[in-house]
Amino acid sequence: MIGLFIYIIMTTWRRGIILLRAGLAPLGERADKVLKKLRNGELIRTPGAAVFLSRYESALPPIVMRHVADFHCLPEQVVILNVKFDTVPRIPADERMTTKDLGNGIWQINVVFGFVEIPNLYYVLGQAKEQGCSLDLDKLVFFAGDDDVVPDLKKPKMIAPRRILFGFLYRNAVRASDRFTLPRERLVEIGHQVEI
């Protein structure tokens, strides 16, 4: 009986995450338009630096698209920070991070931590600074997604009890500010309702 209960929780979590990512993915379809506006100088650039925490390895993930759609601007310096956790306990320092200059003041940093490591994003950003990513670490603003799961009334993708269970699990999952020990006063969470 306990095994069945754990199985239901695990499969509900996995299915819910897949549906959540699928619900966020359409926001990334406008990336070409944003990149074109950046190249043409049509997008307003504000002073400062922003770090967008992302689960996606695309050049402009959904959270950046939401920021541009909501604020109609982008900071002068942008770091898209994709953090993943591996199935090994520790990752060697020389294999932990890759950086890529995307141009127009945008950097993409992919970082991998082992499952027992405590992620230190300021240390990672300090390493990126040594590789040419010019950031003032004292003035960074972090942006993270804060997505809410709501029922899709037209075409439900998950039965109601499992959707409710997934919503409960997702709301109670570790928040970015807690997981990465980010200062609350430097964190902006952009909310989005995802229909499941």
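Just so it is clear, the values below take in all heavy atoms, side chains as well, and ignore hydrogens, waters and symmetry mates.
- Taking the side chain as every heavy atom from C-beta outward, V83 and F113 approach each other to under 4.5 Å.
- In the displayed structure, K37 atom NZ is contacted under 6.0 Å by at most 12 heavy atoms of other residues, nucleotides or ligands.
- The residues E42 and K33 are annotated as not salt-bridged, no charged nitrogen and carboxylate oxygen being separated by less than 4.0 angstrom.
- Using a 4.5 Å heavy-atom cutoff, the side chains of T98 and V112 are not in contact.
- Across all their heavy atoms, Q131 and W107 have their closest contact at O-CH2, 4.0 Å.
- For the pair N110 and L81, the minimum side-chain heavy-atom distance is 4.5 Å or more.
- In this structure, the separation between CG on L60 and CG on L38 is 7.0 Å, given to the nearest 0.5 Å.
- Between F85 and F180, the angle of the ring planes stays under 30°, which puts this pair in the parallel group of the 30/60° scheme.
- Here R15 contributes atom CZ and I196 contributes atom CD1; the two are 9.0 Å apart, rounded to the nearest 0.5 Å.
- A distance of 13.0 Å separates CG of N82 from CE of M97, quoted to the nearest 0.5 Å.
- For OH of Y123, the number of neighbouring non-hydrogen atoms (other residues, nucleotides, ligands) closer than 6.0 Å is 12 at most.
- A donor-acceptor pair shorter than 3.5 Å cannot be found between the side chains of T12 and R163.
- Two residues are said to be in side-chain contact when any heavy atoms from C-beta on lie closer than 4.5 Å; I164 and F168 fail this criterion.
- Side chain of R186 to backbone of L140: a donor-acceptor contact under 3.5 angstrom is found.
- Within a 6.0 Å radius of CZ in R14, other residues, nucleotides and ligands contribute 12 heavy atoms or fewer.
- Side chain of R96 to main chain of V111: no donor-acceptor pair is present (N/O by atom type, distance under 3.5 Å, no hydrogens or angles).
- Between the CZ atom of F166 and the CG atom of L20 there is a distance of 5.0 Å, given to the nearest 0.5 Å.
- You'll find the side chain of D148 stays beyond 4.5 Å of the side chain of Y170, heavy atoms only.
- Using a 4.5 Å heavy-atom threshold, the side chains of L187 and E189 count as touching.
- Using a 4.5 Å cut-off on side-chain heavy atoms (C-beta onward), V68 and L43 make contact.
- Few gaps surround CG on L4; more than 12 heavy atoms of other groups in view lie less than 6.0 Å from it.
- Using the six-membered ring where Trp is involved, F52 and H67 have ring planes that are perpendicular, over 60° apart on the 30 and 60° scheme.
- In this structure, the separation between CG on L165 and CD1 on I8 is 8.5 Å, given to the nearest 0.5 Å.
- Put simply, the side chain of S54 does not reach to within 4.5 Å of the side chain of F143, judged on heavy atoms.
- Residue K139 holds its NZ atom at 11.0 Å from CD of Q77, rounded to the nearest 0.5 Å.
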